[in-house]
Peer 1: 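Dropping a structure here in structure tokens format, bear with me for questions.
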Amino acid sequence: MMYALLCYHSEDVVCSWSKEQDAAVIAKLAAVQEKLAKAGKLGPVVRLMPTTAATTLRKDREPPLVIDGPFAETKEQLLGFYLVDCASLDEALEIARDLGRANPGGAYEIRPVTSFEPGNTAA
Amino acid sequence: MTELAWIDAAISAARPRALAALLRYFRDLDIAEEAVQDACLKALSTWPKNGPPRDPEAWLIMVGRNVAIDATRRRRKQEPLPPEDAISDLEDAETALAERLDDAHYRDDILRLLFICCHPELPATQQIALALRVVSGLTVPEIARAFLVSESAMEQRITRAKRRVAEARVPFEAPGASERAERIAAVAAVIYLIFNEGYSASGGEMHVRAALCEEAIRLARLLLRFFPAEPEIMGLAALLMLQHARTPARLDADGAIVLLEDQDRGLWGRTMIAEGLALLDKAMRHRSPGPYQVQAAIAALHARATRPEDTDWAQIDALYATLEQMQPSPVITLNRAVAVSKARGAAAALDMIEPLAEQLGGYFYFFGVKGGLLLQLGRAEEARAAFDQAIARANTAAEAVHIRMQIDRLIRENDPARTGVGRDNSSEA
């Protein structure tokens, strides 16, 4: 069984870390990740940019509505995610609209990725 | 960094939050400012002896609070006590007030302080001057230099602003949503100026005060969370990040200025650049350009160029032309001239800046650019004269050293081939 670990923390705190503090946390995490990678258990590791860089596509209406800012509703739950490689936010939104046509309702929050490690699981 | 320089940096970094906390506590700008001032003086006398505290901000707040309470008690002893019922009324009013001030909408003492400084009853120039004095703790001479006005004029401006704030009892009200929207442009301008002061200090020993830059970026991010759909706020945040990303490469090991074209681009903060580019991308979708977005677009062109020779100077020239139309200013024309010199040659650039001499006659950067252009044109003697004028107007030791190096080079080589004198960002304000 694959498990996704979704990381939550206070943006205020993490964004105010100095470069050294940030690097120290990342180094400690890397040690744990290395262990997992050696065991062939580590899938992709992704760090997202802050929510200020987020855009939300509400696909519960036609045409879908693009909103600046993160997904803010609490009545919907996180059910999955995609990673797409795009040249611009417009391209990412186009993909989200395509997906939305296939499965209307709810929303996609589009967040740029700041770092990506592909991982090494076979699955 | 020497110990004194470290203490100076620690105080600069901790001061805004200490002041904001003390203002919330005393709800009087003058008392709060005086308290911070006293606490900073105490810090300067005790920290070198006892070593710096683990939390400079908490130290300044605690010491400032105690000093101000002592002073208030001393004053109160000389005045008769108010009647009993007045005191209890006051307490009730204050509780409600504190709750309003603590409104979660504000999230942050400093951002609230900024919105207070940007009260619409104050003219824009006073808002910004007051915020720089109160929020960022810049000295009056530093602010005067940032505005290109005399110290006495700036002193007056700030005093007047404070009086008006006191008369309007501004510190006691927490602006609502619609007022916040009205003040957003002023708040953005202040954040921009705080950043600029950190990016290229207008005085003192340190040419770059990274703590001020980081504070400005933090405030811009906060502002963006209040107003997530404002393209100019996205542009502002993007601009600050793209500029600040270059900080590790802007000074060499001896603290000397490294020009943009000589910087080791491998030292640029790629994560911050990526975030700045993402925010700019998001802003541009709105098709509603403004000065911050245009400046961010210029910074983005630098960030995207892997080598200096890959820089799209023609596009930068065009963006500066747009910026000139949006907010005409001799400083922007001067920056444009640097792009013009790369895209169309030094002669065209020199023609462009000649008419600015009168307005920018007190400006270090003007003579630095002029000297550089004259040097490119092989007019060594005139270049030398311009550099001499630049040195006389240098604001920081690093600026003076930088120009001195150009002059030495001029004497040594007497060779017009090498170019580029001015601020290290050499193409933007």
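Proteins get letters first, then strands, A, B, ... in listed order; numbering begins at 1 in each. No experiment lies behind these values; they were computed from the predicted model shown.
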Peer 1: Can you tell me how far CZ of R47(A) sits from OG1 of T271(B), rounded to the nearest 0.5 angstrom?
Peer 2: 7.5 Å
Peer 1: Roughly how far, to the nearest 0.5 Å, is the CD1 atom of I233(B) from the CG atom of D68(A)?
Peer 2: 12.0 Å
Peer 1: Is a salt bridge present between R221(B) and E11(A), judged by a nitrogen-to-oxygen distance below 4.0 Å?
Peer 2: no
Peer 1: Can you tell me how far OG of S88(A) sits from CG of L277(B), rounded to the nearest 0.5 angstrom?
Peer 2: 12.5 Å
Peer 1: Is the CG atom of D310(B) crowded by more than 12 outside heavy atoms at less than 6.0 Å?
Peer 2: yes
Peer 1: Would you say that more than 12 heavy atoms from the other residues, nucleotides or ligands in this model lie under 6.0 Å from the CZ of R54(B), or not?
Peer 2: no
Peer 1: Other residues, nucleotides and ligands only: do more than 12 of their heavy atoms fall within 6.0 Å of CZ on F81(A)?
Peer 2: no
Peer 1: For A278(B), is it the side chain, the backbone, both or neither that has a heavy atom under 4.5 Å from a heavy atom of chain A?
Peer 2: side chain
Peer 1: Looking at L5(A), I'd like to know if its CG atom is crowded, meaning that more than 12 non-hydrogen atoms belonging to other residues, nucleotides or ligands lie closer than 6.0 Å.
Peer 2: no
Peer 1: Against T52(A), only a single residue in E275(B), M234(B), K282(B) fulfils side chain to side chain contact (heavy atoms under 4.5 Å, CB included); can you say which?
Peer 2: E275(B)
Peer 1: Out of curiosity, L89(A) CG to L280(B) CG, how far, rounded to the nearest 0.5 Å?
Peer 2: 11.0 Å
Peer 1: Taking side chain as everything from C-beta outward and backbone as N, CA, C, O, which of these in L93(A) sits under 4.5 Å from a heavy atom of chain B? Side chain, backbone, both or neither.
Peer 2: side chain
Peer 1: Does any heavy atom of chain A fall under 4.5 Å from the side chain of M284(B), the backbone, both, or neither of them?
Peer 2: neither
Peer 1: Take atom CD in E76(A); do more than 12 heavy atoms of anything else shown fall under 6.0 Å from it?
Peer 2: yes
Peer 1: Who among P112(A), P50(A), P70(A) has the most heavy-atom pairs with chain B under 4.5 Å?
Peer 2: P50(A)
